[in-house]
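Everything on this sheet refers to the single structure shown next.
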Amino acid sequence: MPGIVVDRGLEGVNVGETVLSNVEGEVGRLTFRGYDIDDLAPKATYEEVVALMLHGTLPTAAELAALEAKLSSLRALPDATLALLRALPREAWPMDVLRTAVSSLSLPLPHKPSGVHASDVDAALSLVAKTTTIVAAWDRLRQGLEPIAPHPTLGTAANFLYMKTGKEPTAEYAKALDQYYVLLVDHGYNASTFSARVTASTNADLYCAITAALATLTGELHGGAPSQVQDSLVDVGSADKAEQWVRDLIKRKGRLMGMGHREYKVRDPRAKHLEETAKRLNNGGGSYAIARALEDAWNKVIAEEKPQARIFANVDFYTAPALGALGIPSDEYTCMFACSRMAGWCAHVLEQYANNRLIRPQVTYTGPEVHPFEPIAERGREPAGSARS
Ligand code: ACO
């Protein structure tokens, strides 16, 4: 239609405001409420960042202790959710299970049909606390093992690893996962966050908004990518095969998962932290060495074949060798993303409620002109005068 601009993919379209995170794609900087992730990743715990997102400031020592205790008290799952998990088929994909189980968390809550209910910071903390429990419980149930009750004193990351095996993780493993959780907490109006905000803008409650976000995260163009990075690393096989592998991929116009980003025109700032973690946990070898060689090969081949393209490693690329080294199965990588992002999604939903306007964009209609209704007896007939000879 003349005069109407269609922005497929909303690229570059500004659809709102947030104080929660800032993605500076040209310089490769990510900040949460003004704090650079380069400072937060080595210096803050996940719980400190949860407080930052949901309460607005970094916590004092006393506030942090109170938050940690609260999260710990909220980790156990309601009976209805645990029963649901037990009833699901063992071959179910962990993200489908997580989406279904998170949705069930609102079932025991009193429902108020009109308006937002149970959608406050306490509900957000409950979701943050229970998400890791669901992922760990499902990992055990699908192996025919009983879920392990949350540890009363461990933090979010250490407790997650504990709930998988019943053994307290090493400080190095706990710190590595904690840092992963810190890095992925928030990222502007990414697709899943936007989806949550659209849902919240109808006054649907927090659980509905988060369920929408979880569904949106699953796709390979968003949170589904790291499992496929892992598949690529296995397919490449060894560092010396990386360059030929990339050349073959480019020749058949394939996509390398973990590369490219709508916002970042340089390397994703989260990638360097995850690369360091992957390198350390793999002692510089294993899947880390293949990933490193693959990134080098990618940068070389892209510079030759598509010199204008600015397609660099994103957050998902080194997620695969980092989480793999922690013993996390690759079909759970998207769930790990969700465990972290839960705090960011909730903060965005609460921000949406605080200054809400229904999100309802326009679309350009490109179908047929208005035309007469055909009674059912006349449908499928050749129009008069067009009979076949
Ligand atoms: N591999 C190969 N080519 C790529 C890649 C890639 N990973 N990413 C972009 N391109 C190419 C496209 O083929 C296209 O080329 P063309 O212009 O010759 O057709 C061009 O770059 C633009 O691609 P778009 O998909 O239009 O760009 P967009 O801004 O939508 O890309 C996206 C962002 C979807 C993330 C893309 O880079 C991609 O598919 N990456 C792989 C999947 C991935 O890693 N997803 C996780 C993203 S991070 C996150 O969500 C947490």
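All ligand and atom numbering here is 1-based and tracks the order in the structure.
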Show which side-chain atoms of residues 322-335 pair as donor or acceptor with protein atoms under 3.5 Å away, not counting sequence neighbours.
residue: Asp331; atom: OD1; partner: Arg142; partner atom: NH2; Å: 2.9
residue: Asp331; atom: OD2; partner: Arg142; partner atom: NH1; Å: 2.7
residue: Glu332; atom: OE1; partner: Lys164; partner atom: NZ; Å: 2.7
residue: Glu332; atom: OE2; partner: Arg142; partner atom: NH2; Å: 3.4
residue: Tyr333; atom: OH; partner: Ala320; partner atom: O; Å: 3.3
residue: Tyr333; atom: OH; partner: Gly324; partner atom: N; Å: 3.4
residue: Thr334; atom: OG1; partner: Gly223; partner atom: O; Å: 2.9

Q.
If I compare all heavy atoms of His273 with all of Ala41, which pair ends up nearest, and what's the gap?
A.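 Shortest heavy-atom separation between His273 and Ala41 comes out as ND1-CB, 4.0 Å.
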
Ion pair present between [X] and [Y], side-chain N to carboxylate O less than 4.0 angstrom?
X	Y	result
Arg255	Glu220	no
Asp248	Lys251	no
Lys70	Asp122	yes
Glu275	Lys279	no

Q: List, ordered by chain and residue number, the protein residues whose closest non-hydrogen atom lies under 4.0 Å from any atom of ligand 1.
A: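 Close residues (ligand 1, cut-off 4.0 Å): Glu220, Leu221, His222, Ala225, Gly254, Arg255, Leu256, Met257, Gly258, Met259, Gly260, His261, Arg262, Trp298, Lys306, Ile311, Asn314, Val315, Asp316, Phe337.
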
